[in-house]
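To keep things clear, I will list the structure first and then write my remarks on it.
By convention in this document, chain letters (A, B, ...) are assigned in the order of the sequence lines, proteins followed by strands, and residues within each chain are numbered from 1.
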Amino acid sequence: MQNEEQALEDGKFEAVTSPVSAFDVWANFGDDNTMQEESVVQAEEGKKVPFVGDKEPLSTLAAEYESGSPILLEKIKVLDKQYSAIRRTRGDGNCFFRSFMFSYLEHILQCQDLAEVERIKMNVEECRKTLQKLGYPDLTFEDFFALFLEQLEDVIQGKETSLSHDELVFRSRDQSISDYVVMFFRFVTSGEIQKRSEFFEPFILGLTNSTVEQFCKSSVEPMGEESDHVHIIALSDALGIPIRVMYLDRSSCDTGGVSVNHHDFIPAAGDLPRTSCGSEASSPFITLLYRPGHYDILYPK
Amino acid sequence: MAEKYNLKNPAVKRILQEVKEMQSNPSDDFMSLPLEENIFEWQFAIRGPCDTEFEGGIYHGRIQLPAEYPFKPPSFMLLTPNGRFETQTKICLSISNHHPEHWQPSWSVRTALVALIAFMPTNPNGALGSLDYKKEERRALAIKSREAPPRCGTPERQKLIDEIHEYMLSKAPPVPQQSLSQDPEEHPRNEEAEAQVSPPNPEAIPAGEGLPDEAEVDRIVEESPANDNANPVGVEVPREIPASASSSQLPRPQTSVQKPDDRLFTLAAIGLTIAIMVLLLKKFIKSIEHGAVFMDGS
């Protein structure tokens, strides 16, 4: 650190005496230091958990809490009756969006629900118009939209570009795709919150005591900002996709047997996807496991 | 330019779009283009905001876009001495008034330049890389900034800088005369003066027309120093111009802004005064001598 400062000093001295050599200073110009540190932290985290992990049996969850709280172990037993597997996502503040991304694309890949693809595309176009009306220049969001739509097309089978399940996992771990899709969801969420700011205002005031716009700028659009109920409601509403969240926390119910709290986020709009495969009618096909501060994907039996 | 780059790279795609957008919607307030050899390296110039001591100034700088752009923010550095931001030093402009460290992909180079212009007249409040020069000094630098673009870098970069300077000269109204703000009665005379200074500017922009979008600027804040023991601002500056601290305590004489002609006049006046004094003294001595003679005589 000190060396770098010294170099900076020298660089500046040169800068005044000869303008040409001033351009060598550029090396010291960025906040390379902090960026490097950041990426080191991320890389370490990345070694432990990729953006999207492998599917693991639910028993690995129990193993995590082996010597932990009995309430949690009881709850995991309850979960074990309904769910067969868990897929972990990296705890980088984007886990909700990343879990949602993988879960949704995997659903389309497995069900080949073309009607749902058409339905969501229309909603995506609505979101695009929302952002335009809010004054976002096209160039600031169109890449993210295009990349999501590309993934959506690619999970539909029968084309040269079609993805296998392994390729979908691979892409979800590729930062240049995964982060772009996450950012797409952040744009959609931010647009929805601002479009219906009157509806969201009370929630946001309760959370952060900031205006709707400030909230979007500070807690929705920046990468790595964790998601709250507000984000989930907005994303679910904007795309018209129901989401179930199972809560694995220490809260216990007094009325006898242990149960796991859950909440279904059902979009306000009328055009729900038909649940064409796997799950029962009217229940969400995306199920996330929430542990305080983190979301992973759950697979029902 | 596009052929050299991998268009599949999202950062490249985004940057090329911003270039296109910048070219199709040119602004009178700023101009910015990437180097042909490296689209992650941009040159820019902004014009000093109207009704401030920076009015008429043309301030050059460079931008570096990170490989992770637009997820990571661009870095800005000014090259033209301006009295508000240090040159050759990264400007700490983070965008968001809530969490200053948060840049977001929905912003662009354009947004950041608009923010930079808006920051010129604001109080630096000790932010890192900021200067707090007196208005007269800033005005003098604004005048100087029009004379020639900064010289630096490769010939290719220099060519780009020169082009940008030409463009900005044709768009930026001249620096208003100093008396303008102090003595409104002299207004007509000043307009004459302006007309003389700027022949290449027939369609001068009406003042205030190009003011930056306030809504956008609202979200953008200048970073305050994170810790007080970081590089003290004053230490690096004095080689060029007196640092903010010293200059605010010791007001600089007005002569720093005066033109050579004025100095000549002053010299002539002083010379004349001295000559008259000498003559008077001579007469005085003479009269005393006369007196003495009379005294002697009596």
B:Tyr69: which residues meet the ring pair (Phe, Tyr, Trp, His ring centres under 6.0 Å) condition with it, sequence neighbours left out?
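Per chain and number, B:Tyr69 pairs via ring pair (Phe, Tyr, Trp, His ring centres under 6.0 Å) with no residue.
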
Are more than 12 heavy atoms from other residues, nucleotides or ligands located less than 6.0 Å from atom NZ of A:Lys121?
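Yes - once you tally the heavy atoms of other residues, nucleotides and ligands closer than 6.0 Å, there are more than 12.
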
Roughly how far, to the nearest 0.5 Å, is CD of B:Gln104 from CZ of A:Arg186?
10.5 Å

I need the A:Leu139 CG to B:Lys13 NZ distance, nearest 0.5 Å.
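Between A:Leu139 CG and B:Lys13 NZ, I get 12.5 Å after rounding to 0.5 Å.
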
May I ask you to name which of B:Glu21, B:Lys20, B:Arg14 has the most heavy-atom pairs under 4.5 Å with chain A?
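Option with the top pair count is B:Arg14.
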
Run through B:Pro70, B:Pro10, B:Ser106 and flag the one making a side-chain contact (heavy atoms from CB on, under 4.5 Å) with A:Phe144.
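Between A:Phe144 and the candidates, side-chain contact (heavy atoms from CB on, under 4.5 Å) is satisfied uniquely by B:Pro70.
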
Is chain B contacted by the side chain of A:Phe141, its backbone, both, or neither, given a heavy-atom distance below 4.5 Å?
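For A:Phe141, neither part sits under 4.5 Å from chain B.
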
Checking B:Trp107 against A:Glu221 for the side chain to side chain contact (heavy atoms under 4.5 Å, CB included) test, could you report, in this order, the C-alpha distance in whole Å, the side-chain angles of both residues, the deciding distance, and whether it holds?
CA-CA 10 Å; B:Trp107 287 316; A:Glu221 287 184 32; over 6 Å; no

Restricting to pairs with a member in residues 94-104 of chain A, which pass salt bridge (charged side-chain N to carboxylate O under 4.0 Å, His left out), not counting sequence neighbours?
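Qualifying pairs, neighbours excluded: A:Asp92-A:Arg98, A:Arg98-A:Asp179.
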
